[in-house]
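I have placed the structure first, in the form of C-alpha cells, so that the comments after it can refer back to it.
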Protein chains: 4
Amino acid sequence: MILSLDLGSEIPIYQQIRDQVVVAVATGELAEGSALPSTRQLAGDLGINFHTVNKAYDLLRREGLLLLTRKSGAVVRRDPHSGPPEGGFAEEWAGRLRTLLAEAAAQGLDGPTVLAACTTTVNGFRAGQTATDDEGGVR
Amino acid sequence: MILSLDLGSEIPIYQQIRDQVVVAVATGELAEGSALPSTRQLAGDLGINFHTVNKAYDLLRREGLLLLTRKSGAVVRRDPHSGPPEGGFAEEWAGRLRTLLAEAAAQGLDGPTVLAACTTTVNGFRAGQTATDDEGGVR
Amino acid sequence: MILSLDLGSEIPIYQQIRDQVVVAVATGELAEGSALPSTRQLAGDLGINFHTVNKAYDLLRREGLLLLTRKSGAVVRRDPHSGPPEGGFAEEWAGRLRTLLAEAAAQGLDGPTVLAACTTTVNGFRAGQTATDDEGGVR
Amino acid sequence: MILSLDLGSEIPIYQQIRDQVVVAVATGELAEGSALPSTRQLAGDLGINFHTVNKAYDLLRREGLLLLTRKSGAVVRRDPHSGPPEGGFAEEWAGRLRTLLAEAAAQGLDGPTVLAACTTTVNGFRAGQTATDDEGGVR
DNA sequence: GTGGTCTAGACCACA
DNA sequence: GTGGTCTAGACCACG
C-alpha cells in the first residue's frame, strides 16, 4: 500500500491519509485483517510528524475501519459494519453527494457521463457490491 | 431561494453558501439569468458578515457560475459551460467522487443503494441532463 | 462554570474536562446556548496547553454537545439529541453501567443503596426527566 | 465462565478481564469460593501474554475479590466485604456514576429509561441485594 | 479574535 | 515495541 501525499494542499494531510485508506479498503486493495504500518513507522516513511498519522488513524478507528492495538499496531477491521450505517449518516452523505454531483453538472459534465463515472467507481469496489446494470456489470 | 446555514459546522460558511447555490442552479431551482441578493442584503438576512458572502460570490464567479456586475449585482450565467469542463477538473472531480463513494461503502451502504442515490440525484437536476435507469441510461 | 482538574490523575486531563462539561450540561448548570471559554482562554486559566482543551472540545463536538464556531468560540448546543441516541450507544452504555454497578456491589454497597444513588443522581439532572417513583420524586 | 476480550478496544485488556470477573461475581455466575484458571492457563486460552492476566488478577486481589495462593491458584473470596466499603470509595464511585448517567442523558436517554436500566441491572445481581421496583424498592 | 493544523520532543501505560 | 498523552511554538483559514 502506497500513500501519495500532497503536502501544501488545502486538504489536511491527516485527511488525505484517511481518505486513501478508506478508498483502499473499499476497493479491496487493503484486505480486511491486513496490518498498516505503525504510526511512527508511517510518519517516518512519509516524512511527516507521527502526530499527523496518529490523527488519521484515530479518525479511521472512530469510523470503525481500523483496529488500533498496542501490540500489533493498526489492523483493518474484519467487520467494519455488518448492518446498515448508523442513523443520520445516510442523510448527511446524500447531501454531500448532491453537492458533488451538482458541481459536476455546473462544470459541464452531463448526466450520463456523471452516472457512468459513479457506476464505474462502485464496480471497482470489492465484489458482492456489483451494480444494478445487466449481468455484464462493468462493461 | 432559501439558504439554510449551519453555523458551527466544520464546513466554512462561505462554502455552504457556494454549495447551496451550485445545487440550486443544478436543480433549476435557481434559473439561469435570475439575480441573487446583493452581498450586503444576503449578509443581513443571514446575520453574517458581508465579507463572507462576498467570498462565496467570488468563488462562484471564478467557477463561471455567477456574473458579478456593479449595476445588476449577482446574476446566474446563462451559459455556464457549453462544452466539456476545463482540463484537470474531470480527474480531480473523479477522485473526490471515488472518496465519497468509498466512504459510503465503508459505512455499510451497498453498491445498488449507492448507485440508486446517484441516479435519483442526477435525475433531480434540470432537464437536458436526465438519465433514466433503463438500458440506455447508464453508460 | 468552574472546572477542577486533577493533574497527575490516571484519567487524562482532556477527559476530565469533557466529563465535567457533560455533567454540567446534564444538571443544567451549563445552560444550552451558553458559551464556554475559548480553547486558549480556558487553557490559560487552567494552566494547561491549549491542545489539551482542544481535544476535550473536539470530543464534545463529536458527541453533539458542543458547537465550535470560529467567531463565537464554543457554545453548548441547543438540541444535542432530539430523538433516541444512535444505534449501538445504548448497548455500549449498558455494559459500562453493569460494570460500574457490579463494582459497587463488590465493594459492599447493597442494591438499595446503589439504586438510591442512581435515583438521586438522575433526579439531579435538569427537569423533564424526573424519576419513575411517586409524585414526590426524590423521596 | 467465559471471557470475551475485545483486542483493539481502547480499554486495556487487563481491565477487561478484571471488569468481567467483577460482573461475574456480582451476578453470581462466579460463585464465591470457586477457582479461576491459572494465569498461564487463562493467558493461553485467551491467546495473550500471561503478564496481562497477572496484572488483572493482582488488581482483583487488591480490590479484595480474589485470594491468590501459591497452591490453589486464584479463588473468589467468600467474604469480599461484609461491612460498608472503605473510606473514600463511595464518593469516588458516586462521581463516576454521575458521569456515566450524565453521559446517557446527554445522548438522549431520558430519566425513566436510565433508572429502569439501573434497576434491571441491580436486580440481576445475586440474591441478598435484590430490590424490586415496588414502593419499598428505591429508597 | 477564533478554531484548526503541523511540527517537535518528552513521558507514560500496555503488551 | 506499540499507541496515547501532554507540552510548546509556529502558521493558516475563517469571520
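Everything numeric here is computed off the predicted structure, so don't read it as measured data. The chains referred to below are lettered A, B, ... by the order of the sequence lines, with proteins before strands, and numbering in each begins at 1.
For the pair C/Leu67 CG and E/dT2 C1', the computed distance is 14 Å after rounding to whole Å. Following rounding to the nearest Å, B/Leu7 (CG) and E/dT2 (P) show an atom-to-atom distance of 17 Å. Atom P of nucleotide F/dC12 and atom CZ of C/Arg70 are separated by 16 Å, given to the nearest angstrom. Taking atom CG on A/Leu60 and atom P on F/dG3, their separation rounds to 13 Å, with Å as the unit. B/Tyr14 has its OH atom 16 Å from the P atom of F/dC12, to the nearest Å. The CZ atom of C/Arg18 sits 13 Å away from the P atom of F/dT5 (whole-angstrom rounding). Straight-line distance from the CD atom of C/Gln16 to the P atom of F/dT5: 13 Å, rounded to whole Å. Rounded to an integer number of Å, the gap from C/Gln15 CD to F/dT5 P is 8 Å.
Using N1 to N3 plus N6-O4 or O6-N4 for Watson-Crick, or N1-O2 and O6-N3 for G-U wobble, each under 3.5 Å, F/dC14 pairs with E/dG1.
Within a 6.0 Å sphere centred on CD of D/Glu10, heavy atoms belonging to other residues, nucleotides or ligands number 12 at most.
Checked for salt-bridge contact, B/Glu103 and B/Arg98 miss the test: no charged N lies under 4.0 Å from a carboxylate O. Contact check on A/Asp58 versus A/Lys55 returns no salt bridge, with no Lys/Arg side-chain nitrogen under 4.0 Å from an Asp/Glu carboxylate oxygen.
Toward the 5′ end of DNA chain E lies the nearest nucleotide of C/Gln41, the other residue of the pair C/Gln41 and A/Lys71 mapping further downstream. Heavy-atom distances to DNA chain F give each of D/Glu10 and B/Ile13 a nearest nucleotide, and the one nearer the 5′ end belongs to D/Glu10.
Contact detail for D/Leu66 and D/Val76: the closest heavy-atom pair is CD1-CA, 4.1 Å. Shown here for A/Ala74 and A/Leu68, the closest heavy-atom pair between the two residues is CB-CD2, 3.5 Å. Taking each heavy atom of D/Val53 and D/Thr39 in turn, the nearest pair found is CG1-CA, 3.8 Å.
Backbone-only engagement by A/Thr69 is indicated by non-hydrogen atom pairs under 4.0 Å involving sugar-phosphate atoms exclusively.
Counting distance only, with no hydrogens placed and no angle test, the side-chain atoms of A/Arg40 and the base atoms of E/dG9 include no donor-acceptor pair under 3.5 Å. Between the side chain of C/Arg61 and the base of E/dG4 there is no donor-acceptor pair of N/O atoms closer than 3.5 Å.
Of the residues in residues 43-57 of chain B, none lies under 4.0 Å from DNA chain E by heavy-atom distance.
Shown are B/Leu59, B/Val21, B/Val25; of these, the side-chain contact (heavy atoms from CB on, under 4.5 Å) with B/Leu65 is made only by B/Val25.
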